[in-house]
Amino acid sequence: MKPEIHLKALKMKQYEMFFHSSVIDNAIDSTGEKIELSQIRISSQVRVGEPGTYPVFAYFDDPVSGQRIQSETKVTVLPYS
């Protein structure tokens, strides 16, 4: 089985709280087992006070193969209204 991490794009209003976990859909290792959230690392520079589109990167190291599995999504901060 192929290890995978699936992320979802997110749109949010300016000044809303951004939780990294909100972009994670699911992740599985090379045996098909679910990867726990605590095993996933996320990197982003989302500025909730500044409208725009920001990249978010997430990865985990497959516990069986040792391979790094990574993915990217976008978070769009919409102007406050």
Within the structure provided, determine whether Asp61 and Gln67 are in side-chain contact (heavy-atom separation under 4.5 Å). no
For Lys13, does the NZ atom sit with more than 12 other heavy atoms under 6.0 Å from it, leaving out its own atoms? no
The reported gap from CD in Gln39 to NZ in Lys34 (rounded to nearest 0.5 angstrom) is 11.0 Å
Is the closest side-chain heavy-atom distance between Glu4 and His6 below 4.5 Å? yes
Determine whether a donor-acceptor pair (N or O, by modelled atom type, separation under 3.5 Å) exists between the side chain of Gln14 and the backbone of Gly49. yes
Atom NZ in Lys74, atom NZ in Lys11: separation rounded to 0.5 Å? 13.5 Å
Heavy-atom closest contact (Ser65 atom, Ser30 atom, distance): N-OG, 4.3 Å
With a 4.5 Å heavy-atom cut-off, do Tyr59 and Ile5 have their side chains touching? no
So which of Ile42, Ile40, Val46 actually passes side-chain contact (heavy atoms from CB on, under 4.5 Å) with His20? Ile42
Atom NZ in Lys2, atom CD1 in Ile69: separation rounded to 0.5 Å? 8.0 Å
Just so I know, are the side chains of Thr73 and Leu10 near enough to count as touching, which here means a heavy-atom distance under 4.5 Å? no
Can you tell if the side chain of Val75 reaches within under 4.5 Å of the side chain of Pro55, non-hydrogen atoms only? no
Return the OG to CD distance between Ser43 and Glu72, rounded to the nearest 0.5 Å. 10.5 Å
Is there side-chain contact between Tyr54 and Arg47, with heavy atoms separated by less than 4.5 Å? yes
Under 4.5 Å between side-chain heavy atoms, hopping through other hydrophobics if needed: is there a path connecting Leu37 to Val56? yes
Close side-chain approach of Phe18 to Met12, heavy-atom, < 4.5 Å: yes
So, do Ile24 and Leu7 sit near enough that their side-chain heavy atoms are less than 4.5 Å apart? yes
At their closest point, which heavy atom of Ile28 faces which heavy atom of Phe60, and how far apart are they? O-CZ, 3.3 Å
Pairwise distance NZ(Lys8) to OG(Ser71) - rounded to 0.5 angstrom: 13.0 Å
